[in-house]
Every structure is written in structure tokens, then in C-alpha cells.
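Read the structure below first, then the notes.
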Amino acid sequence: MRAFAELLDRLSLTASRNAKLVLLRDYLRVTPDPDRGWALAALTGDLTFDAAKPAMIRKAVAARVDPVLFGWSYDYVGDLAETVALIWPGDPDHRANREPQLGELVDALQAAGRGEVQGLLEGWLNALEPKGRWALLKLMTGGLRVGLSARLARTAAAMMRPAAVSEPPDPEGGETTTPLARVDVADIEEIWHALAPPYADLFAWLEGRAGRPSGDAPGRFRPVMLAVALDEAVDFERLDPADYVAEWKWDGIRVQAVREGGVEKLYSRTGDEISGAFPDVMAGLSFEGAVDGELVVWRDGGVAPFGDLQQRLNRKTVDARMTAAFPAAIVAYDLLAEGGEDLRALPLGERRARLEGLVARAGAGRLHLSPLLDHSGWDELARLRADPPVGAAAEGLMLKRRDSPYVAGRPKGPWFKWKRDPHVIDAVLMYAQRGHGKRSSFYSDYTFGVWTEAGALTPVGKAYFGFTDEELKQLDKFVRDHTVERFGPVRSVRAEREFGLVLEIAFEGLNRSTRHKSGVAMRFPRVSRIRWDKPAREANTLDDVMDLLDAIEGGGGRIAQPVAG
């Protein structure tokens with residue numbers, strides 16, 4: 001456990017991507033099975049404990065620490081796991097026990113019932129040092145937050161293969177070494193969903209002790225191909241638009257629908273299975289193969305706004321009323337496999353032709369073809385991007401080379417996304433909350449509002465990115481200097497018509513919402529600029545925001561001019 005705790009600690013304090021890769025690669029090389037496999041599963045999000053809940057942690061610490069002291073400490077530190085790890089009194093008798101290994105902890109948690117986890121947790125917290133306690137609590141709650149994505153973790157695993165492997169002595173005597181072929185992260189992602197933690201067969205292959213594990217299980221997830229953002233200043237000059245087909249960038253979520261050998265599954269872009277939340281979609285599909293597309297709500301012959309789809313996301317199950325009110329469907333734009341044949345190496349033009357045939361045969365209300373857009377060049381594409389007739393259901397354009405194979409990851413050149421310019425408003429900072437991980441000592445999560453007719457502020461969103469590290473320090477100082485009330489980890493900031501901090505907020509879309517006091521919900525809000533120069537009284541009003549919402553909903557897709565000054 002000590003090595004795993006040290007790994008998490010160093011990853012959380014390391015900013016460099018390459019340095020993180022080296023740290024994890026070296027850990028995987030020297031750590032024995034099964035500990036390294038469980039560590040990799042935790043870092044990729046494939047290790048969860050249903051019986052372990054944050055409430056158990058709070059209950060355990062409440063029995064040992066004064067609640068007021070713990071509240072003050074939590075408010076100062078800003079992270080539950082770190083606070084408990086530091087304030088836990090420990091037990092000298094338990095410290096004499098052998099520190100548990102990561103594999104032992106995982107085995108015990110997976111075998112324990114809900115009533116047994118509390119005792120296990122308290123015993124381990126007594127036996128571990130603060131850094132080990134912190135790692136244990138992060139592991140149990142699933143909130144590692146060490147700045148390492150699942151793909152980056154798999155990249156580190158691919159790097160652990162040594163340059164050569166020793167073969168057994170030949171009959172003539174002497175030992176030989178045979179170089180091993182380099183493993184690409186795409187090779188691991190191709191078989192990832194046929195593997196199970198702690199990945200003993202994966203490590204055996206990477207170390208040259210066994211062959212490559214098979215990834216040919218029916219219904220498996222295929223690693224997705226991603227697009228890079230179009231750089232207008234550079235790409236207009238070097239790319240020929242005639243080489244690319246164009247289609248809408250649908251405002252839904254990326255999915256992969258697979259039906260093979262009697263196995264039917266719906267995956268998110270990260271490979272999480274979401275079939276249970278969309279049984280209506282799976283029941284309406286009849287093809288044999290794997291389709292790449294966008295999950296949307298389909299109503300009145302077209303794609304509904306993203307807010308409708310949000311009503312069905314993050315649900316484990318769905319009832320008949322919900323499926324009737326928000327009928328989900330897939331807008332298909334690529335075909336990865338058909339009838340047992342892998343099509344990913346074919347050029348896009350050939351895959352598209354086969355997709356059109358499949359949708360014509362299998363489309364029955366749940367599968368629709370993403371249309372290709374006629375264009376004469378960059379000017380026509382720019383016009384389509386700025387004024388899509390599909391309204392709020394498209395967030396821009398996708399450009400794809402006609403000859404591109406389907407390649408996992410985000411290669412530069414074959415696919416581009418050209419999103420519409422974001423909407424922008426000026427809002428006033430109202431509340432601030434401490435962040436997590438590296439930001440736990442900063443007030444980095446900001447709630448902002450706009451003016452109502454009565455002259456009061458009403459919250460319209462929350463943002464926690466878009467600013468630089470230096471700007472974060474400036475914002476944190478402003479919050480501390482102008483706090484008027486405290487609510488646990490949240491501070492209320494002075495915000496009046498004659499005094500307040502104006503933030504320019506960029507966002508991708510607006511939806512009506514009965515859950516929010518303002519009546520609206522923003523999609524992907526972020527701080528695009530700190531308006532130190534602008535008086536708070538000149539920030540936008542709720543009427544401005546509602547006018548923008550009306551323009552989005554009824555303007556035929558026209559993007560209203562930003563209402564910020």
C-alpha cells in the first residue's frame with residue numbers, strides 16, 4: 001500500500017504529462033501482481049466498491065474527533081480524504097501490525113458486506129500512516145483526482161514493455177535475446193474491454209511471457225476515433241476542403257451501438273456500458289455489427305435540444321413515461337463492423353456507403369443517418385457553421401477526410417471539429433468554493449449571477465475553469481478579501497450594484513430549467529475573461545439571458561450576438 005500511496009502522491013504533485021507517464025511506467029515495472037493490476041484499474045476507473053460510501057468515513061471520524069474541530073479542518077483543507085488522513089488519531093497498537101498490501105485491501109473490500117466495511121476501514125486507518133490513509137480513502141471513494149486520464153494510464157502500461165526479452169538457452173548453449181515489438185496504446189485499447197482486473201494476462205503479454213490476449217469477444221467496445229479542433233489561422237491554408245466531407249456536429253453524446261452474436265450493448269465514448277438506461281434504443285435496433293454515432297432525443301422528425309437528452313442521462317433505469325416523453329435515438333455517422341467483418345481499415349467513403357445501406361435496412365425510428373452537407377469550400381462551410389438550420393441541436397461542423405481509415409485516438413489531420421463560437425455574457429461573482437486536489441487550498445469554483453428587474457442578483461451558473469494559474473491566485477485573493485458570509489466550504493462574496501467582480505462567461509448553450517431559480521441552465525460555462533475594468537452594475541440582466549435563450553430556440557439556429565458589453 002505504501003508504494004501505491006507514494007505513486008498517487010507524486011502523480012498529484014506532478015504537472016508534466018511525460019513525467020506522470022514515467023512515474024506510472026516505473027511503478028508498473030517494479031510492482032508485483034496483483035497490486036499493479038489493481039492500481040491500474042483504479043487509475044482507469046475500472047475499480048469501484050459498491051459497499052464503501054463517504055458517509056462511512058464521516059461516521060468513523062465523528063466517533064474520534066470533535067465535530068467542530070473537524071468542520072474547521074475540513075473547511076480549511078477542502079478535501080474529505082486529505083482532512084481525515086491528517087486528523088485521524090490513529091492507534092499505536094494497530095501501528096505495530098503489518099501494513100496491508102493493495103491487493104489485500106481490494107480482496108477484503110470486494111468480499112465484505114455493507115455492515116463489514118466500517119470495521120475494515122477503521123482498522124486500516126489505524127494501521128496506516130497519513131499518506132497511506134489518504135490513498136486508502138481515495139481508493140474507496142473513487143475520487144483519485146491525480147491528473148491522469150484512463151488513456152494516459154494505458155499509455156504508461158504500453159511503455160512498460162522492455163526493449164528485449166531473454167529466451168531460454170538454445171541447445172548449443174548460451175542465452176539469446178530477441179527484441180520485442182513496441183506496444184502502442186491503441187493495441188491495449190483494442191483488447192481492453194476483453195480484460196478484467198488485475199490484468200495478469202495483460203502484464204504477461206507486455207513483459208513477453210505470453211502472447212497477446214484476444215479481444216475478439218462478441219459485443220466488444222472498439223476504441224473511438226476523435227477529432228481535433230480546426231485552427232482557422234493555420235488549417236485554411238494547408239487543407240483542401242474538397243478532400244473532406246462535412247456533417248453536423250450533433251449536440252448529443254457520442255455512443256457506440258454493438259449487436260454481435262446475440263450480444264447487444266450500448267457504450268459511451270469512454271467504453272462505459274449504458275444499455276440499461278436506454279432499453280428503448282437497443283430494442284429498436286436490428287442490424288448485426290457496430291455503429292458509431294450520436295445519442296440524441298428524436299422528436300418531430302429531428303434532433304431535439306441537448307436539454308431534452310439531459311433528462312435521460314445519468315440514470316441506471318428508465319420508466320415508460322420517461323421514454324415516451326424523451327424518445328432516444330442514434331444518429332449514425334460511421335460503421336465499424338458489419339456481419340462479423342471489421343471495416344475500420346476501409347476508407348471513410350466505403351464505410352459510409354455500407355452505413356447508408358445498413359440504415360436503410362435497419363432504421364426503424366431508433367437509427368437515423370447523419371446527412372452529408374454539400375459545400376463549395378471554406379466560405380460555404382463557414383456559413384453553415386454560423387447558421388445551421390437544425391437550430392440548437394447542432395453545435396458546429398465535423399470535417400472528415402474521404403479516404404481516412406477509422407483510427408483509435410485523436411490523430412492530427414483526418415477528422416476536424418469546427419464548433420460554433422460560444423455565447424458570452426458578463427456576470428457578477430456571487431459565491432466561491434474551494435477546489436479539489438491541487439486546488440484544495442484555493443477558492444476555484446465560482447457561482448455567478450445576473451441582475452433581475454428588482455435589482456437583485458440571481459445565480460445562472462457555476463464555472464471552475466477557463467482561467468490561468470496566475471488569474472486563479474488573483475481570484476482567490478479577491479474572494480478572501482471580500483467575503484461577507486461563510487457556509488462551510490462556501491464563501492459569499494460582496495456583490496452589489498456599486499461593487500462586485502464581473503466575469504465574462506463563455507458557454508455552449510442554454511436550456512430552460514425548472515430546477516434553477518433563474519429558470520435557465522448553461523452548458524459548459526467557463527470564465528473567458530476577468531472584467532476588472534467593468535462596474536458590476538453594467539453586467540447583464542436576466543432579461544438579456546432569456547432573450548438569448550429565445551433566439552437559440554426560435555432563431556432557426558441563428559446565433560444571437562453576445563450580450564456582453
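Index from 1, following the sequence.
- The shortest distance between side-chain heavy atoms of L195 and D201 falls below 4.5 Å.
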**Prompt:** W205 and I188: side-chain contact (heavy atoms from CB on, under 4.5 Å), yes or no, with the steps?
**Reply:** CA-CA 10 Å; W205 169 51; I188 294 180; 4.1 Å; yes

**Asked** Step by step, would you call L266 with L285 a side-chain contact (heavy atoms from CB on, under 4.5 Å)?
**Response** CA-CA 11 Å; L266 185 66; L285 301 180; 5.8 Å; no

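- No donor-acceptor contact under 3.5 angstrom links the side chains of E470 and T468, judged on distance only.
- In this structure, CE in M1 is found 12.5 Å from CD in E6, a value given to the nearest 0.5 Å.
- Residues D231 and R238 are not paired through a salt bridge, judged by the lack of any N-O separation under 4.0 Å between the basic side chain and the carboxylate.
- Ring centers of W38 and F49: at least 6.0 Å apart, outside the cut-off.
- Remark: K417 engages no residue in a side chain to side chain donor-acceptor pair (under 3.5 Å) (not counting sequence neighbours).
- The aromatic rings of W192 and Y199 sit tilted relative to each other, their planes meeting at an angle between 30° and 60°.
- A salt bridge is absent between E508 and K249: the closest approach of a Lys/Arg side-chain nitrogen to an acidic carboxylate oxygen does not fall below 4.0 angstrom.
- Residues R220 and D216 are in side-chain contact: their nearest non-hydrogen atoms beyond the backbone lie under 4.5 Å apart.
- In terms of modelled atom types and a separation under 3.5 Å, the side chain of E350 and the main chain of P347 share no donor-acceptor contact.
- Among residues at least two apart or in separate chains, there is no ring pair (Phe, Tyr, Trp, His ring centres under 6.0 Å) pair with a member in residues 273-294.
- No hydrogens or angles considered: a donor-acceptor pair under 3.5 Å links the side chains of D272 and T270.
- Side chains of L226 and R269 form a contact here, defined as non-hydrogen atoms less than 4.5 Å apart.
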**Request:** Show your reasoning for whether side-chain contact (heavy atoms from CB on, under 4.5 Å) applies to L152 and L43.
**Result:** CA-CA 9 Å; L152 207 60; L43 290 165; over 6 Å; no

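- Note on E82 versus R434: no salt bridge recorded, every NZ/NE/NH1/NH2 to OD/OE distance being 4.0 Å or above.
- The shortest side-chain heavy-atom distance between L230 and L239 falls under the 4.5 Å cut-off.
- We find that D292 and R254 are joined by a salt bridge, their nearest charged nitrogen and carboxylate oxygen being less than 4.0 Å apart.
- Taking each heavy atom of V359 and A332 in turn, the nearest pair found is CG2-CB, 4.4 Å.
- Heavy atoms only, all atoms of each residue included: G289 and E260 are closest at O-CG, 4.1 Å.
- Between E247 and K400 there is a salt bridge, since at least one side-chain N of the basic residue sits less than 4.0 Å from a carboxylate O of the acidic one.
- Here the side chain of E395 pairs no donor or acceptor atom with the backbone of R420 at under 3.5 angstrom.
- Separating the CZ atom in F306 from the CZ atom in F524 is a distance of 6.0 Å, to the nearest 0.5 Å.
- When every heavy atom of A345 is checked against every heavy atom of P405, the shortest pair comes out as O-CB, 3.9 Å.
- In terms of heavy-atom proximity, W415 sits nearest to M225 at CZ3-O, 3.5 Å.
- With hydrogens and angles ignored, the 3.5 Å screen pairs no side-chain donor or acceptor of K265 with any backbone N or O of S275.
- L355 contributes atom CG, which lies 7.5 Å from atom CG of L367 (distance to the nearest 0.5 angstrom).
- D35 contributes no side-chain N or O that, together with a main-chain N or O of P32, makes up a donor-acceptor pair within less than 3.5 Å.
- Under a 3.5 Å cut-off, the side chain of R366 and the backbone N or O of A328 do form a donor-acceptor pair.
- Side-chain contact check for L397 versus W248: some heavy-atom pair is nearer than 4.5 Å.
- Distance alone, capped at 3.5 Å, places no donor-acceptor pair between the R401 side chain and the P414 backbone.
- Checked by atom type and distance alone, the side chain of R361 pairs as donor or acceptor with a backbone atom of G357 at under 3.5 Å.
- Partners of E356 under the side chain to side chain donor-acceptor pair (under 3.5 Å) rule, at least two apart in sequence or in another chain, are R352.
- Heavy atoms only, all atoms of each residue included: V258 and G219 are closest at CG1-CA, 3.6 Å.
- With rounding to the nearest 0.5 Å, the separation of OH in Y27 from CG in L40 is 9.5 Å.
- Taken from CD1 in I274 to CE in M282, the straight-line distance is 9.5 Å, to the nearest 0.5 Å.
- In the displayed structure, D240 atom CG is contacted under 6.0 Å by more than 12 heavy atoms of other residues, nucleotides or ligands.
- Ion pairing between D26 and R10 fails under the 4.0 Å rule for side-chain N and carboxylate O.
- For R212 and E190, the salt-bridge test fails: no basic side-chain N is under 4.0 Å from an acidic carboxylate O.
- Taken from CG in D334 to CD in Q256, the straight-line distance is 10.0 Å, to the nearest 0.5 Å.
- Side chain of R410 to backbone of V228: no donor-acceptor contact under 3.5 angstrom is found.
- Put simply, the side chain of D280 reaches to within 4.5 Å of the side chain of R312, judged on heavy atoms.
- The shortest non-hydrogen separation linking L472 to S444 is CD1-CB, 3.6 Å.
- Heavy atoms from other residues, nucleotides or ligands lying under 6.0 Å from CD of E341 number more than 12.
- Using a 4.5 Å heavy-atom cutoff, the side chains of M140 and L109 are in contact.
- Using modelled atom types, no side-chain atom of E288 and backbone atom of G340 make a donor-acceptor pair closer than 3.5 Å.
- Shown here is R2, whose CZ atom has no more than 12 heavy atoms of other residues, nucleotides or ligands within 6.0 Å.
- R259 has a carboxylate O that lies under 4.0 Å from a charged side-chain N of E264, or vice versa, which qualifies the two as a salt bridge.
- A salt bridge is absent between K131 and E129: the closest approach of a Lys/Arg side-chain nitrogen to an acidic carboxylate oxygen does not fall below 4.0 angstrom.
- By the 4.5 Å heavy-atom criterion applied to side chains, M398 and S370 are not counted as neighbours.
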**Request:** Please assess Y406 against V224 for the test side-chain contact (heavy atoms from CB on, under 4.5 Å), listing each intermediate value before the final yes or no.
**Result:** CA-CA 8 Å; Y406 193 95; V224 299; 3.8 Å; yes

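- Between R351 and E338 no salt bridge is recorded (no basic side-chain N to carboxylate O distance below 4.0 Å).
- Between the side chain of T44 and the main chain of A41, a donor-acceptor pair closer than 3.5 Å is present.
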